[in-house]
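Reviewing the structure listed below.
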Amino acid sequence: AIARESEQRIVSFKPQELARTAWAFTTLGVPAPRLFDAIARESEQCIGSFNPQDLANTAWAFATLGVHAPQLFDAIARESEKRVGTFKPQEIANTAWAFAKAGVPAPQLFEAIARES
């Protein structure tokens, strides 16, 4: 019921709410494919407004549940690459782990991470 309601209201979610919703469902181990599809679509539209923690948590959530969302991962990679210098070490680690776990190649992101390390 919560997933269905969230899915219906997703367009009104702020970036932090999108990231936290994905994180919460993943942490609880609740697969909600339609909700995650909606989160991916909405997140792609506003990815520039995500802070580093939102980017890392969203990537972590999708990778942990094994949700296939290549366009979302591409958007996260592009945005993270631009702002990796503002990421905390944990955010860098979570983002790198998520891309590795999801099997999503992001060479430019990893080059940016290596420059910051």
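Hydrogens, waters and symmetry mates play no part in the numbers below; they use all other heavy atoms, side chains included. Keep in mind that what you see is a predicted model, and the values were worked out from it rather than measured.
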Is there side-chain contact between [X] and [Y], with heavy atoms separated by less than 4.5 Å?
| X | Y | answer |
| --- | --- | --- |
| F87 | L55 | yes |
| F13 | S6 | yes |
| T58 | L72 | yes |
| I92 | P52 | no |

- Give a yes or no on this: more than 12 heavy atoms of other residues, nucleotides or ligands lie within 6.0 Å of atom CD of Q71. no
Minimal non-hydrogen separation, [X] against [Y], with atom names:
| X | Y | answer |
| --- | --- | --- |
| S80 | T95 | OG-CG2, 4.3 Å |
| A98 | A63 | O-CB, 3.3 Å |
| F36 | A22 | CZ-O, 3.6 Å |
| A75 | I47 | O-CG1, 4.0 Å |
| N94 | A56 | CB-CB, 4.3 Å |
| R83 | N51 | NH1-CA, 4.1 Å |

- Task: Determine the sole option in I2, I10, I39 for which the side chain to side chain contact (heavy atoms under 4.5 Å, CB included) test with T21 is passed.
- Result: I39
- Parallel under 30°, tilted from 30 to 60°, perpendicular over 60°: which one fits the rings of W23 and W60?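 Plane angle between 30° and 60°, so tilted.
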- Query: For R41, which residues count as a salt bridge (charged side-chain N to carboxylate O under 4.0 Å, His left out) partner, sequence neighbours excluded?
  - Reply: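 R41 satisfies salt bridge (charged side-chain N to carboxylate O under 4.0 Å, His left out) with no other residue.
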- Task: Taking salt bridge (charged side-chain N to carboxylate O under 4.0 Å, His left out) as the test, write out the residues that go with E44, two or more places apart.
- Result: none
- Query: Which distance, rounded to the nearest 0.5 Å, do you find between the CD of Q53 and the CZ of R20?
  - Reply: 6.5 Å
- Message: Can you tell whether the side chains of K82 and E79 come within less than 4.0 Å, N to carboxylate O?
- Response: yes
- Query: Between E116 (side chain) and I113 (backbone), is there a donor-acceptor pair under 3.5 Å?
  - Reply: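 The answer is no, because no donor-acceptor pair under 3.5 Å joins these two groups.
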- Would you check if the side chain of T64 reaches a backbone N or O of A61 as a donor-acceptor pair within less than 3.5 Å?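 Pair absent, no side-chain N/O of T64 close to backbone of A61.
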